[in-house]
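Okay, so here's the structure we're looking at.
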Number of protein chains: 2
Amino acid sequence: MSELKNTSPTSPPAKRSAKASRQNDPCSVARALNDVGDWWSLLIVRQAMYGTRRYGDFQKQLGIAKNILCDRLTRLVNNEVLKKVDIGEHGQRFEYRLTEKGKDLFPVLVALRQWGDKWNREDGDAPVRLVDRRLGLPVQRIQVLDEEGQPLTVSDVLSFNLPEIVAE
Amino acid sequence: MSELKNTSPTSPPAKRSAKASRQNDPCSVARALNDVGDWWSLLIVRQAMYGTRRYGDFQKQLGIAKNILCDRLTRLVNNEVLKKVDIGEHGQRFEYRLTEKGKDLFPVLVALRQWGDKWNREDGDAPVRLVDRRLGLPVQRIQVLDEEGQPLTVSDVLSFNLPEIVAE
DNA sequence: TTGGATTGGTTGCTTTTTGCAACCTTTGTT
DNA sequence: AACAAAGGTTGCAAAAAGCAACCAATCCAA
């Protein structure tokens with residue numbers, strides 16, 4: 001009953017933009033960016049991880065234009081990062097919740113956050129410490145690990161200085 | 001997440017471009033996205049990790065417009081993700097190389113790649129397997145770990161369904 | 001050493017995407 | 001019933017992206 005009735009007819013002329021054209025990019029990084037590769041989408045996901053669920057709250061907390069928010073929420077729902085749930089008592093009133101796919105972006109957000117904390121720290125700012133509930137201790141630094149659990153750098157895995165060994 | 005409160009209008013009555021106005025965002029995710037939060041920037045970094053260094057190669061491999069490439073490379077250099085090195089013999093001829101800061105985006109790219117592989121796999125496609133050189137074995141799935149090494153989900157750390165319990 | 005191809009851009013112009021404000025319809029409240 | 005709030009939509013102006021043409025320096029081959 002609470003259908004997304006307005007998706008087709010009312011959405012803008014539905015262009016084939018660069019974003020659409022990457023839909024089938026063979027590289028999964030490109031396909032991931034197709035889902036969440038713009039500024040607002042990832043911030044919306046971040047906000048959803050903080051507990052925000054309502055349109056109006058996203059709008060106020062992010063300071064995003066309403067039409068852009070609409071567009072991004074719809075896109076995130078279409079990409080199954082969020083689901084739109086009708087929580088109305090006698091009609092419709094919506095919530096946008098993270099799906100499993102959306103929750104699974106957690107390591108991406110943590111990696112980005114840690115990178116920002118390390119390289120773009122504002123002078124006075126202490127980095128926000130993510131603390132897990134069970135132990136009450138900060139989470140570990142996120143890393144790429146080999147089979148034996150040793151941390152790996154890009155040079156250990158990719159050919160960033162050996163152009164002839166290209167992974168793709 | 002202490003910035004829950006002050007993420008109210010993240011953009012004040014924006015006079016400058018959105019990007020400039022996020023420079024001093026208190027959230028490190030936003031600041032990270034300010035450096036690499038657009039489509040092309042992250043793909044350029046990905047390509048650099050594969051070994052690409054030259055303007056023309058980026059252009060051909062990514063199919064990006066030349067003026068946009070110019071702009072992004074300059075921005076990445078300004079943000080110290082890449083460095084521009086003159087490798088000319090009798091004049092100038094440039095290479096764009098990852099800085100330490102740029103190489104340190106490796107976990108972000110791996111997290112994105114694994115997410116894309118898990119959730120957006122094209123039917124026939126096997127995911128690209130990142131293999132470390134030393135062991136010749138695939139890297140582990142990237143995860144957020146607690147102090148004891150146990151994997152954590154977003155619900156273990158953030159308050160995505162308990163808005164009142166906001167992590168400090 | 002000359003002439004053509006390559007590299008690394010810049011310039012103008014057109015198309016898309018954003019941001020902003022105003023407006024509109026459906027709920028929820030009193 | 002009257003009014004406020006939620007959740008959008010619409011129209012318009014400004015910014016960013018894409019595209020093609022052009023350009024100056026450098027390298028390469030004869």
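Within every chain, numbering begins at 1; the chains are lettered A, B, ... in the order of the sequence lines, protein sequences first and strands thereafter.
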Subject >> Rounded interatomic separation in angstrom, taking CZ from A:Arg75 and C1' from C:dT17 >> reply: 10 Å
Subject >> Given C:dT11, C:dG19, D:dG8, the nucleotide with the shortest approach to the side chain of B:Asn67 >> reply: C:dT11
Original post:
For the pair made of NZ in A:Lys84 and P in D:dA6, what is the distance, rounded to whole Å?
Top reply: 16 Å
Original post:
Rounded to the Å, how far apart are A:Trp39 CH2 and C:dT18 C1'?
Top reply: 14 Å
**OP:** Verify the contact: side-chain N or O of A:Arg72 to OP1 or OP2 of C:dT18, cut-off strictly under 4.0 Å; return yes or no.
**Re:** yes
Original post:
What string of B, S and - do you get for nucleotides 25-30 of chain C, 5' to 3', when a contact is any protein heavy atom under 4.0 Å?
Top reply: -SSS--
**OP:** Give the rounded distance in Å between these two atoms: CG of A:Asp86 and C1' of D:dA6.
**Re:** 13 Å
Subject >> Length of the line joining B:Trp40:CH2 and C:dT17:C1', which is rounded to integer Å >> reply: 16 Å
Subject >> Test side chain to side chain contact (heavy atoms under 4.5 Å, CB included) applied to A:Val45 and A:Leu109, step by step >> reply: CA-CA 9 Å; A:Val45 171; A:Leu109 268 296; 4.2 Å; yes
**OP:** Figure out the CG/P separation between B:Leu73 and D:dA17, and round it to whole Å.
**Re:** 14 Å
**OP:** Could you state the atom-to-atom distance from CD of B:Glu95 to C1' of C:dT6 in whole Å?
**Re:** 16 Å
Original post:
Taking only N and O in the side chain of B:Lys60, is any of them less than 4.0 Å away from OP1 or OP2 of C:dG8?
Top reply: no
Original post:
Is any side-chain nitrogen or oxygen of A:Tyr55 closer than 4.0 Å to OP1 or OP2 of D:dT9?
Top reply: no
Original post:
Under 3.5 Å, side chain of A:Arg133 to main-chain N/O of B:Ser155, donor-acceptor pair present?
Top reply: yes
Original post:
At under 4.0 Å between heavy atoms, what does B:Phe58 touch on the DNA or RNA strands: base, sugar-phosphate, or nothing?
Top reply: nothing
Original post:
Which angle, rounded to 10°, do you find between the first-five-pair axis and the last-five-pair axis of the helix from C:dT1-D:dA30 to C:dT30-D:dA1?
Top reply: 30°
**OP:** State whether A:Phe94 and A:Lys84 meet the cation-pi test: NZ (Lys) or CZ (Arg) under 6.0 Å from the six-membered ring centroid, and within 45° of the perpendicular axis.
**Re:** yes
**OP:** Remember a base hit wins even if backbone is also touched, and classify B:Asp71 as base, sugar-phosphate or nothing at under 4.0 Å, heavy atoms.
**Re:** nothing
**OP:** For the residue pair B:Leu76 and B:Tyr96, establish whether any side-chain heavy-atom pair is separated by less than 4.5 Å.
**Re:** no
Original post:
Under the 3.5 angstrom rule, does the side chain of A:Gln143 hit a backbone N or O of A:Leu152 as a donor-acceptor pair?
Top reply: no
Original post:
For DNA chain D, whose closest nucleotide is more 5', that of A:Gly56 or that of B:Ala65?
Top reply: A:Gly56
Subject >> B:Tyr55 vs B:Lys66 side-chain heavy atoms within contact, under 4.5 Å >> reply: yes
**OP:** Would you tell me whether A:Lys101 and A:Asn79 have side-chain atoms, one donor and one acceptor, within less than 3.5 Å of each other?
**Re:** no
Original post:
Of all heavy-atom pairs between B:Leu42 and B:Val36, which one has the smallest distance, and what is that distance?
Top reply: CG-O, 3.4 Å
Original post:
Would you say a side-chain N or O of A:Lys66 is under 4.0 Å from OP1 or OP2 of D:dG11?
Top reply: no
Original post:
With no hydrogens and no angle check, do the side chains of B:Thr74 and B:Asp71 hold a donor and an acceptor under 3.5 Å apart?
Top reply: no
Subject >> Nucleotide nearest B:Ile68 (side chain, heavy atoms from C-beta), chosen from C:dT11, C:dG9, D:dA17 >> reply: D:dA17
Original post:
For the pair made of CD in B:Gln59 and C1' in C:dT7, what is the distance, rounded to whole Å?
Top reply: 11 Å
Original post:
Short question: side chain of B:Thr99, backbone of B:Lys83 - any donor-acceptor pair under 3.5 Å?
Top reply: no
